[in-house]
Structure formats: C-alpha cells, structure tokens
Amino acid sequence: QVQLVESGGGSVQSGGSLRLSCAASPYTSSRYCMGWFRQAPGKEREGIATISENGLATYADSVKVRFTISQDNAKNTLYLQIDSLKPEDTGMYFCAAGGYQGVRYCPTGAQYFNSWGQGTQVTVSS
C-alpha cells in the first residue's frame, strides 16, 4: 500500500499562497490517480484536484482558477499550489492515491481512492 505524507500547511492571511506537498512511498507506475481532498470543519471531505499518472488534471469547479495540482515523478512527490487563499479554504488537506486501470481523467470522488495521508492543516484568516 502506498504511504503518503503531506506537508506545507499553515496559517496565512486571505490573499496569500501556499504550496502543499505529498511524499509518496513507494512510488509505482501502478498508482493510476493521485489527488488532494479537503475537509472543512463540520463538513464532508471533498475532492478538489486529481491527476492521472499521465499528468491530466481534474479540478472541482470551486477551485479551478486558484489551485494547481502537479507531480514530480523523480521526487515521488505530489504538489498543490494554492493562490489567492480565502477563509473558506480553511480545512484539513489530504493527499490520496488510487484510481483504476484505463482512467484518463481521474475522478474527484473519495470512493475511488484507497490510500490516504494524515493530512495537513490550512487556516486562512480574513
């Protein structure tokens, strides 16, 4: 099973930026999708960005312009660049791995992912 460790969260002011990282071990070509999920206080976990092993990205409509998902295969690392942070971006951000063979654009539903990190907290103040 893939082990995932997130980092890069913190407390920032509205309008700021953060780059979250997720170190994956072991990193194998059989992991079809990687993704970032967010869970705000009192809310369900939501998929915000996913990426296929071929680098095709999918975003939730609410984050399309401000969030960028990327991966560095050489460093076994997944990234999430978050710009123009808003207070409603506050939450725990989780990295996940999963998907299925043949997927082109990875789904954002949590049910498609079977390996999860512990999360990194992002807090945005106004």
A.B. asks: How long is the straight-line distance from CD of E53 back to CG of N73, given to the nearest 0.5 Å?
C.D. replies: 9.0 Å
A.B. asks: Within the side chain of R38, is there an N or O that forms a donor-acceptor pair under 3.5 Å with the backbone of G91?
C.D. replies: no
A.B. asks: Take the angle between the ring planes of W116 and F94 and call it parallel below 30°, perpendicular above 60°, tilted in between.
C.D. replies: perpendicular
A.B. asks: As an exercise, state the distance from CG of N76 to CG of L4, rounded to the nearest 0.5 Å.
C.D. replies: 11.0 Å
A.B. asks: If you count the non-hydrogen atoms of other residues, nucleotides and ligands that lie under 6.0 Å from CD in E44, is the total more than 12?
C.D. replies: no
A.B. asks: For the residue pair P107 and F113, what are the closest heavy atoms and their distance?
C.D. replies: O-CE1, 3.5 Å
A.B. asks: Are the side chain of T108 and the backbone of G47 linked by a donor-acceptor contact shorter than 3.5 Å?
C.D. replies: no
A.B. asks: Which atoms form the tightest heavy-atom contact between P41 and T90, and what is the distance?
C.D. replies: CD-O, 4.2 Å
A.B. asks: Mind checking the OG-CG spacing from S70 to L80? Nearest 0.5 Å is all I need.
C.D. replies: 8.0 Å
A.B. asks: Kindly indicate whether the side chain of Y112, heavy atoms from C-beta on, has any atom under 4.5 Å from the side chain of V103.
C.D. replies: no
A.B. asks: If two hydrophobic side chains count as joined below 4.5 Å and joins carry through other members, does L18 share a cluster with V65?
C.D. replies: no
A.B. asks: So which atom in G119 and which in E6 form the shortest heavy-atom distance, rounded to 0.1 Å?
C.D. replies: N-OE1, 2.9 Å
A.B. asks: If you compare all heavy atoms of Q81 against all heavy atoms of S17, which two are closest, and at what distance to 0.1 Å?
C.D. replies: NE2-CB, 3.9 Å
A.B. asks: Which atoms form the tightest heavy-atom contact between S14 and S126, and what is the distance?
C.D. replies: CB-CA, 4.1 Å
A.B. asks: Does any non-hydrogen side-chain atom of L20 lie less than 4.5 Å from one of V122?
C.D. replies: yes
A.B. asks: Donor-acceptor pair, distance only, cut-off 3.5 Å: does the side chain of Q71 make one with the backbone of S52?
C.D. replies: yes
A.B. asks: Assess the pair W36 and F67: is the distance between their ring centroids shorter than 6.0 Å?
C.D. replies: no
A.B. asks: Look up atom OG1 in T50 and atom CZ in F37, then write down how far apart they are to the nearest 0.5 Å.
C.D. replies: 7.0 Å
A.B. asks: Before you tell me yes or no, could you show the steps for C95 and M34 under side chain to side chain contact (heavy atoms under 4.5 Å, CB included), namely the whole-Å CA-CA distance, both residues' side-chain angles and the distance that decides it to 0.1 Å?
C.D. replies: CA-CA 7 Å; C95 172; M34 294 288 291; 3.8 Å; yes
A.B. asks: Between T68 and Y59, is the side chain to side chain contact (heavy atoms under 4.5 Å, CB included) condition met? List the steps.
C.D. replies: CA-CA 8 Å; T68 304; Y59 296 94; 3.9 Å; yes
A.B. asks: Measure the spacing between CG of L56 and CD1 of I51 and express it to the nearest 0.5 Å.
C.D. replies: 8.0 Å
A.B. asks: Is the count of non-hydrogen atoms from other residues, nucleotides or ligands lying under 6.0 Å from Q3 atom CD greater than 12?
C.D. replies: no
A.B. asks: Is there a path of hydrophobic side-chain contacts, each under 4.5 Å between heavy atoms of I, L, V, M, F, W or Y residues, that connects I48 with V12?
C.D. replies: yes
A.B. asks: Has T77 got a side-chain atom pairing as donor or acceptor with D72's backbone, closer than 3.5 angstrom?
C.D. replies: no
A.B. asks: Answer yes or no: is there an ion pair linking K86 with D89, defined by an N-O contact shorter than 4.0 Å?
C.D. replies: no
